[in-house]
Amino acid sequence: MAVIDAEVIVVDNNSSDNSIEYLTAKFPAVKYITNKENTGFAKACNQGLQQAKGSYILFLNPDTIIPEDCFTKCVSFFEANKDAGAIGIKMLDGSGKFLKESKRSFPSPSTSLYKLFGLAKLFPRSKIFSRYHLGHLNENVNNEVDVLAGAFMMIKREVLDKVGGFDETFFMYGEDVDLSYRIQKAGFKNHYFAESSIIHFKGESTRKGSMNYVRMFYNAMSIFVRKHYGGSKAGIFSFLIHVAIWFRAALSTIGSFIRKNGLPIIDAGLILLSFWLMKNIWSEYVRTDIQYENKLLWIAFPAYTIFYLITAYYAGLYDRWYKWSELFRSSVVATIVLLAAYAMLPEQYRFSRAIILFGAMLAFALISLLRLILIQSNVLNSNKDRDEHTQTIIAGSVEEFDAAKQLLKDAGLKQRVLGRIAVHADDNDGIGSVKNIKGLSSVIPFREIIFCQGTLSYAEIIEVIQQLPPSINVKIHAHGTTSIVGSNSKDSSGEVVSKENGFKLSDPYNRRLKRLLDVSISIFSIITFPVHLIFVRKPLSFLKNCFQVLFARKTWIGYAVPEKSLPSLYNAVISCNGIPADKKQALPKESLQMMDYWYARDYEPINDLKLIKRMYRSLGG
């Protein structure tokens with residue numbers, strides 16, 4: 001493989017994860033530009049362009065993986081095609097699926113209309129309806145195209161000298177369309193290059209489908225139209241863009257409401273509806289001789305609903321990742337407890353066990369159907385790819401296998417590692433070979449594969465993942481790193497597995513218990529406040545803390561110093577080292593950070609309770 005004389009320039013747009021400090025130590029030869037604010041994609045790229053000296057300039061997203069021979073192939077293509085001004089590349093998501101935005105046409109009223117109303121999705125290979133993503137062009141064949149993706153744009157220096165860099169009017173999105181347009185107008189050609197592939201994890205900058213994404217994307221299209229189109233065409237296009245903004249904004253708002261707050265409300269409505277329907281069916285067709293008092297039912301049904309929602313919350317039903325078993329468990333527990341409570345009621349307050357039982361079953365069916373619809377429409381995330389006990393295989397040498405397995409253990413993950421996939425023909429100790437990975441998936445019941453880069457090249461890994469079934473999750477462990485990265489969706493950000501993932505406080509179950517503990521202690525303390533007047537040093541401050549904790553302004557036990565890298569917590573009343581938060585800490589900052597790290601890593605609710613008990617007299621500060 002030919003060696004390229006190249007320079008690497010990294011532009012940091014005010015990141016908050018200490019990435020520059022981390023990268024500088026590991027890659028001292030790289031040139032870094034650090035901005036004190038997020039200047040936007042276009043301006044940041046132009047900053048790098050001003051310092052670049054090469055004959056070919058590559059604008060590259062950080063959430064990408066590049067095969068080792070990619071750059072030499074791209075340069076060879078330029079040398080063989082003198083009319084090429086810029087090239088884009090075949091991009092894959094983290095699961096190896098082709099990303100359609102690798103090749104696009106310029107936006108127009110008709111292409112926007114087809115895309116907006118779903119015709120492009122219905123006819124993905126149509127030259128007319130799927131023109132926006134050029135669906136009629138073979139993704140495995142080089143082609144001249146209109147628009148190249150900003151995630152990977154390699155452009156001749158002489159072309160950029162003539163047309164200029166990115167238009168900084170575009171903050172994010174649309175700047176690649178604009179530059180592609182100006183390159184074509186200057187007489188050069190844009191080419192889609194299919195002889196090499198890269199992985200683009202996507203979703204890192206803005207969550208696709210969010211209001212922020214909708215606003216930024218369509219505003220960028222509006223800027224492009226005003227800049228390059230004129231007359232009636234611009235007017236029609238602007239109208240369609242505004243229709244698209246309102247349409248997508250409405251969908252985004254509904255989806256956001258459901259994800260954040262609306263799901264329990266909708267569930268409550270379905271539960272009440274189920275009991276109302278079952279009560280009517282029971283009294284109309286089964287027990288026609290009995291009339292149920294509405295006043296009693298109006299107490300019993302909402303009581304069940306509230307109890308169900310509380311049970312569902314602590315069973316994990318409203319976590320980010322939906323799991324059918326949690327819905328089933330919530331329904332069963334709530335139904336059993338309500339039936340037990342019903343049995344203890346005096347005779348005059350009973351109505352019908354059957355209404356409770358069949359109403360609960362109907363509610364379970366309706367909620368299951370709702371979840372299925374929401375998952376299919378991408379409003380909710382299914383837990384099928386987030387199984388806590390994922391069956392995993394690791395492709396790599398023996399040493400790489402051991403290193404990756406240790407990382408999973410350090411991160412506190414519960415993957416069941418089935419074995420090692422050999423990467424050499426003469427390696428017979430694995431449970432299979434990477435060369436036969438496609439057939440292996442039908443024999444061994446694995447749902448995730450971790451590729452170790454080192455013995456395997458990135459080029460080989462990218463080639464293999466394109467052969468895997470879509471149900472297999474993919475992650476990559478690069479040689480010399482202490483992390484494993486991957487992404488199973490083109491619309492969501494990638495995941496990183498590292499030692500820092502092993503925080504028990506990150507577990508939704510522990511976070512719910514912590515919040516339950518906070519709320520319970522606050523309510524109990526408010527009810528029994530007169531007693532605390534005698535024992536707590538600052539009773540009025542204590543009462544204020546109770547309300548602040550109750551309304552999620554504080555937590556009883558929290559961090560000693562703010563730290564972005566740890567799981568988020570409200571401000572503490574008592575630091576995890578037992579010192580009131582309003583009292584000056586005697587230990588150095590480094591020691592406090594380490595104690596906060598241990599607290600998050602080894603969190604146990606019982607330890608919060610013990611510390612609250614020990615520091616009871618100081619809960620007012």
Side-chain angles (χ1 to χ4, degrees), residues 1-2 4 56-61 64-108 110-111 114-115 119-156 159 176-177 179-181 183-202 437-438 457-470 474 490:
M1 185 173 64
I4 292 180
Y56 300 98
I57 308 296
L58 172 65
F59 297 103
L60 181 70
N61 267 30
T64 52
I65 291 180
I66 312 296
E68 291 79 359
D69 58 353
C70 177
F71 300 149
T72 53
K73 285 184 175 180
C74 289
V75 172
S76 297
F77 181 86
F78 271 119
E79 293 174 348
N81 298 269
K82 300 301 181 181
D83 62 345
I87 63 173
I89 202 163
K90 180 181 178 182
M91 298 191 297
L92 314 171
D93 67 12
S95 62
K97 185 178 179 182
F98 175 69
L99 290 171
K100 294 185 293 184
E101 56 267 36
S102 301
K103 49 182 177 66
R104 287 176 289 167
S105 67
F106 290 124
S108 69
S110 57
T111 56
Y114 300 147
K115 187 173 186 292
L119 292 173
K121 195 171 184 178
L122 286 173
F123 306 101
R125 297 294 179 186
S126 169
K127 189 174 183 178
I128 298 174
F129 297 128
S130 189
R131 177 159 178 76
Y132 183 76
H133 286 122
L134 300 174
H136 63 289
L137 297 181
N138 190 329
E139 66 198 51
N140 299 311
V141 177
N142 298 339
N143 276 289
E144 183 184 342
V145 296
D146 289 333
V147 179
L148 307 177
F152 184 108
M153 290 182 76
M154 184 175 282
I155 309 172
K156 289 179 178 178
V159 173
D176 50 0
V177 182
L179 183 55
S180 298
Y181 187 88
I183 289 172
Q184 256 195 22
K185 285 295 182 182
F188 302 99
K189 291 183 178 180
N190 297 317
H191 286 268
Y192 164 73
F193 184 59
E195 294 173 29
S196 185
S197 304
I198 71 168
I199 294 176
H200 182 204
F201 289 120
K202 288 183 63 64
I437 195 72
K438 190 172 183 180
S457 68
Y458 283 124
E460 290 171 319
I461 293 171
I462 292 172
E463 182 66 30
V464 171
I465 67 170
Q466 297 179 69
Q467 304 171 23
L468 291 172
V474 176
K490 67 182 180 64

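Ile128 has its side chain out of reach of Phe123: every pair of non-hydrogen atoms, C-beta onward, lies at least 4.5 Å apart. Residues His200 and Ser102 form no side-chain contact, since every pair of their non-hydrogen atoms from C-beta on lies 4.5 Å or further apart. The closest side-chain heavy-atom distance from Ile183 to Leu148 is not below 4.5 Å. In this structure, the side chains of Phe129 and Leu122 stay at 4.5 Å or more apart for every pair of heavy atoms. Here the side chains of Asn140 and Lys90 are in contact, with some heavy-atom distance below 4.5 Å. Counting heavy atoms from C-beta outward, Arg104 and Val177 have side chains that approach closer than 4.5 Å.
Taking CD1 of Ile155 as the reference point, atom CG of Leu179 lies at 4.5 Å (rounded to 0.5 Å). Put simply, CZ on Phe98 and NZ on Lys103 are 4.5 Å apart, with the number rounded to the nearest 0.5 Å. The CD atom of Gln466 sits 10.5 Å away from the OG atom of Ser95 when rounded to the nearest 0.5 Å. Between the NZ atom in Lys189 and the NZ atom in Lys82 there is a gap of 15.0 Å [rounded to 0.5 Å]. Arg125 contributes atom CZ, which lies 9.5 Å from atom CG of Leu137 (distance to the nearest 0.5 angstrom). In this structure, Thr64 OG1 and Met91 CE are separated by 10.0 Å, a value rounded to the nearest 0.5 Å.
The two residues Gln184 and Asn190 make their nearest non-hydrogen contact at CG-ND2, 3.9 Å. For Ile465 against Gly94, the heavy-atom pair with the smallest separation is CD1-O, 4.5 Å. For the pair Ala149 and Met153, the tightest heavy-atom approach, listed with the atom from each and the gap, is O-CG, 3.0 Å.
Ionic pairing of Lys97 and Asp93 is not present here: no N-O contact between side-chain nitrogen and carboxylate oxygen is shorter than 4.0 angstrom.
Remark: Lys127 pairs with no residue by the salt bridge (charged side-chain N to carboxylate O under 4.0 Å, His left out) rule, at least two apart or across chains. Qualifying ring-ring contact (aromatic ring centres under 6.0 Å, His included) partners for Phe152, counting only residues two or more places apart in sequence or in other chains: none.
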| Checking side chain to side chain contact (heavy atoms under 4.5 Å, CB included) for the pair Asn61/Phe201: CA distance, chi angles, key distance, verdict? | CA-CA 10 Å; Asn61 267 30; Phe201 289 120; over 6 Å; no
Show your reasoning for whether side chain to side chain contact (heavy atoms under 4.5 Å, CB included) applies to Arg131 and Asp146. CA-CA 11 Å; Arg131 177 159 178 76; Asp146 289 333; 3.9 Å; yes
TODO: Please test Phe71 against Ile66 for side chain to side chain contact (heavy atoms under 4.5 Å, CB included), starting from the C-alpha separation and ending with a verdict.
DONE: CA-CA 9 Å; Phe71 300 149; Ile66 312 296; 3.9 Å; yes
Donor-acceptor contacts, no H, no angles, side chain residues 191-199, under 3.5 Å, sequence neighbours left out:
| unit_1 | atom_1 | unit_2 | atom_2 | d |
| --- | --- | --- | --- | --- |
| Tyr192 | OH | Glu139 | O | 2.5 |
| Glu195 | OE2 | Asn142 | ND2 | 2.7 |

